[in-house]
Participant: 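This is the structure I want to talk about, given as structure tokens.
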Amino acid sequence: MPVYFDISEKMKEEPMEDVGNEDKSSESSDESMEGDNTNESQTETKSQVYLPGQALQEGEELTVDKSAYKLLHHAQSGAPCLSFDVIPDDLGNSRESYPLNMYIVAGTQAARTHVNNLLVMKMSNLRGNKHSDDSESESSDSEDEDDESKPVMSVAPIKHQGCINRVRCTKIGGGILAASWSELGRVNIWNLQEQLNAVENPSLLTAYRNKCDKASADIKPLYTFKGHLSEGFGLDWNRLEPGTLASGDCKGNIHIWRIDNSGASWHIDQRPYNSHAPHSVEDLQWSPSEKNVLASCSVDRSIKIWDMRVSPQNACMLTASGTHTADINVISWNLKESQFIVSGGDDGMLCVWDLRQFGPNGASPVATFKQHTAPVTTVEWHPTETTVFASGGADDQIAQWDLSVEADHTEEPQDSVLAKLPPQLLFIHQGQSDIKELHWHPQCPGTIISTAHSGFNIFRTISI
């Protein structure tokens, strides 16, 4: 059954060092819950499931059901970060023992163009939720909680010219590189090693920040490409060919980058792949199984599959269109079953596509869902579960889906609004305002990180 909560709060002016599984607004909720405990039966009677879109009655409020989460934390970064990526680490795969440590790189969208930053963050000591049935009993005096049990966020900033539309990172030769799309129409490549070293050591971090405070010490990107005709959003590193990058702009042009054999410079094909032109390229995804195949989606309401071995004018192999009724904002390629792509658009619709059905006359999706009531701004397949994906949108919802679930028609019809939900919908997570991007952590099973105007959430539900 879906579970809902509300933990939104106003943005802080300065970056915080802490992340926690409760924000300040939850403190007042806890106090009111303590008061309600004086009449437990009355509280139970009033508690009910809330579905997005329902109007709250006077005196009603949304509260988190922590029993529905294995992990739940909230973080602030100063200015909103509307794009981020998970940095691969050496802490091991399939990490399910708490507390967790993880690393991300995020880009700010500050009110002033010249005060933006690329942020390298280490989130450490992320503890799982404790429930009443846990074998480990909670302390009776939470105010005396040991500081060592609190989660911490360490941040190493890099000054960035212009708001960051999108950021993506990759691992090359043991190092971490990030690409950032600037609103000024530039794509930058950054080496993040110095920042990753700094967030590991408090004294190094202090020295790094002191250095960054000096205007003459601005960190420069490894490379900057100014060949796009406008700003853009499409950006993706090739998983199968390290050092290969695709970038797409709002004029419909896609450029392919390749690092040279020395690893010191980049070759960028000046001939754009521009079958979408003049419409904006909104998202790009390299195939997880074929290194020369790229997918794109656009304001022109189409998804295109490209063969990058062919000249740009002949490279578009397959096209799907006609289902989305508005801009297609995001796509995600299934990492395990590479014939499937999921898309999300301004129409609030999610479409699952089978590439084997693409053809010269277009294609129809194998599944469509209309749970979101506003534009879908992010979608991503689970890294290991082939039938599971998550989506988020401007309706402040993150939904978890499992395509393997089918409706049980043998059950008696339920006289409830829940009966109208698609059976593939596993969970709805709320609490953030204007959700922009989510990613499953590939090394921490079931864990999602999401960013919005109201900050970051890091969570794992009991459903995945």
Side-chain angles (χ1 to χ4, degrees), residues 80-86 106-107 109 164-169 179-181 231-237 239 246-250 252 254 276 279-288 294-306 319-321 323-335 338 340-353 355 365-383 388-401 403 429 432 434-440 442 448-453:
C81 293
L82 303 188
S83 182
F84 75 99
D85 203 6
V86 178
Q109 289 224 349
I164 298 171
N165 294 343
R166 192 154 292 171
V167 59
R168 294 289 181 263
C169 69
S180 63
W181 239 128
E231 66 175 318
F233 296 88
L235 197 63
D236 196 37
W237 292 97
R239 294 172 177 268
S247 56
D249 63 37
C250 293
I254 300 170
H276 286 295
H279 302 284
S280 173
V281 173
E282 296 294 278
D283 201 7
L284 295 170
Q285 286 267 292
W286 286 101
S287 167
L294 179 74
S296 62
C297 68
S298 170
V299 168
D300 66 9
R301 308 177 188 179
S302 75
I303 299 171
K304 295 182 182 293
I305 308 298
W306 308 78
T319 300
S321 60
T323 300
H324 282 283
T325 59
D327 307 357
I328 303 179
N329 298 324
V330 285
I331 51 176
S332 179
W333 211 315
N334 193 310
L335 298 182
S338 59
F340 294 112
I341 285 178
V342 61
S343 62
D346 269 356
D347 52 9
M349 186 177 295
L350 294 163
C351 297
V352 180
W353 306 86
L355 296 183
V366 295
T368 60
F369 302 100
K370 190 61 174 68
Q371 171 65 25
H372 289 282
T373 58
V376 175
T377 56
T378 180
V379 66
E380 188 168 282
W381 288 100
H382 191 286
V388 173
F389 68 90
S391 61
D395 56 359
D396 305 336
Q397 299 183 55
I398 290 177
Q400 294 180 335
W401 304 84
L403 300 180
H429 170 90
Q432 292 175 283
D434 199 4
I435 295 163
K436 290 299 183 182
E437 197 165 284
L438 68 81
H439 295 294
W440 299 90
I448 287 178
I449 308 170
S450 58
T451 188
H453 272 286

Participant: Which pair of non-hydrogen atoms, one from I164 and one from G107, has the smallest distance, and what is that distance?
Facilitator: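 Where I164 meets G107 most closely, the heavy atoms are CD1-CA, 3.3 Å.
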Participant: Say whether, by atom type as modelled, one donor and one acceptor occur between the side chain of W286 and the main chain of R239 under 3.5 angstrom.
Facilitator: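 Judged by distance alone, no pair lies under 3.5 Å.
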Participant: If I compare all heavy atoms of N329 with all of G345, which pair ends up nearest, and what's the gap?
Facilitator: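 Scanning both residues, the minimum pair turns out to be ND2-C, 3.6 Å.
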Participant: Counting N and O atoms only, with roles assigned by atom type, does the side chain of Q109 sit under 3.5 Å from a partner on the main chain of L82, one being a donor and the other an acceptor?
Facilitator: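 Judged by distance alone, no pair lies under 3.5 Å.
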Participant: When I305 is tested against each of T319, I341, L294 for side chain to side chain contact (heavy atoms under 4.5 Å, CB included), which residue passes?
Facilitator: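 Among T319, I341, L294, the one that satisfies the side chain to side chain contact (heavy atoms under 4.5 Å, CB included) with I305 is I341.
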Participant: Indicate yes or no: at least one non-hydrogen side-chain atom of F369 is less than 4.5 angstrom from one of L403.
Facilitator: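 Side chain of F369 against side chain of L403, heavy atoms only: contact under 4.5 Å found.
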Participant: Measure the NE2-CE distance between H324 and M349 for me, rounded to the nearest 0.5 Å.
Facilitator: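 That separation rounds to 7.0 Å.
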Participant: What is the distance from atom CG of D283 to atom CD1 of I331, rounded to the nearest 0.5 Å?
Facilitator: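 Going from the CG atom of D283 to the CD1 atom of I331 covers 5.0 Å.
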Participant: Tell me, do I398 and Q432 make a side-chain contact under 4.5 Å, heavy atoms counted?
Facilitator: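 Yes, at least one pair of side-chain atoms sits under 4.5 Å.
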Participant: Between S332 and W381 (side chain of the first, backbone of the second, donor and acceptor by atom type, cut-off under 3.5 Å), is there such a pair?
Facilitator: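 Indeed, once roles are kept as given, a pair shorter than 3.5 Å links the two residues.
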Participant: If every non-hydrogen atom of H276 is compared with every non-hydrogen atom of S296, which pair is closest and at what distance?
Facilitator: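 Closest heavy-atom pair between H276 and S296: NE2-OG, 2.7 Å.
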Participant: Just by distance, do the side chain of D346 and the backbone of D327 share a donor-acceptor pair under 3.5 Å?
Facilitator: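 Not a single qualifying donor-acceptor pair exists.
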Participant: Quick one: pull up SG in C297 and CD in Q285 and give me the separation to the nearest 0.5 Å.
Facilitator: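 Atom-to-atom, C297:SG and Q285:CD are 9.0 Å apart.
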Participant: Between S247 and W181, do the side chains contain a donor N or O and an acceptor N or O under 3.5 Å apart?
Facilitator: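 No, no side-chain donor-acceptor contact under 3.5 Å.
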Participant: Return the minimal non-hydrogen interatomic distance between S391 and L350, and the atom names on each side.
Facilitator: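 Closest approach of S391 to L350, heavy atoms only: OG-CD1, 3.4 Å.
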Participant: Checking the side chain of D85 only, and the main-chain atoms of V167 only, is there a donor and an acceptor separated by less than 3.5 Å?
Facilitator: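 Checking the backbone N and O of V167 against the side chain of D85, no donor-acceptor pair under 3.5 Å is found.
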Participant: Quick one: closest heavy-atom pair of D434 and D396, and the distance?
Facilitator: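 Scanning both residues completely, I find the closest heavy atoms to be N-OD1, 2.7 Å.
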Participant: Evaluate V299 against E282 for side-chain contact (heavy atoms from CB on, under 4.5 Å), listing each step before the verdict.
Facilitator: CA-CA 7 Å; V299 168; E282 296 294 278; 3.9 Å; yes
Participant: Holding to side-chain contact (heavy atoms from CB on, under 4.5 Å), I want the full list of residues that pass it with E437, two or more places apart in sequence or in another chain.
Facilitator: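 E437: side-chain contact (heavy atoms from CB on, under 4.5 Å) contacts with S83, F84, R166, R168, T378, H439, T451.
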Participant: Do W440 side-chain atoms and E380 backbone N/O form a donor-acceptor pair below 3.5 Å?
Facilitator: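 A pair under 3.5 Å: yes.
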Participant: Quick one: are I448 and H429 in side-chain contact, heavy atoms under 4.5 Å?
Facilitator: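 No, too far: nothing below the 4.5 Å cut-off.
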Participant: Nearest 0.5 angstrom please: H279 NE2 to I328 CD1, how far?
Facilitator: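 Nearest 0.5 Å value for the NE2-CD1 distance: 12.0 Å.
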Participant: Passes side-chain contact (heavy atoms from CB on, under 4.5 Å), W333 versus L355? Steps please.
Facilitator: CA-CA 10 Å; W333 211 315; L355 296 183; 3.4 Å; yes
Participant: Quick one: SG on C351 to NZ on K370, what's the gap to the nearest 0.5 Å?
Facilitator: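 C351 SG to K370 NZ: 11.0 Å, rounded to 0.5 Å.
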Participant: Using side-chain heavy atoms (C-beta onward) and a distance below 4.5 Å, is F389 in contact with V352?
Facilitator: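 A side-chain contact under 4.5 Å exists here.
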Participant: On a heavy-atom basis, which atom in G232 and which in N165 lie closest, and how many Å separate them?
Facilitator: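 G232 and N165 have their closest heavy atoms at O-ND2, 3.0 Å.
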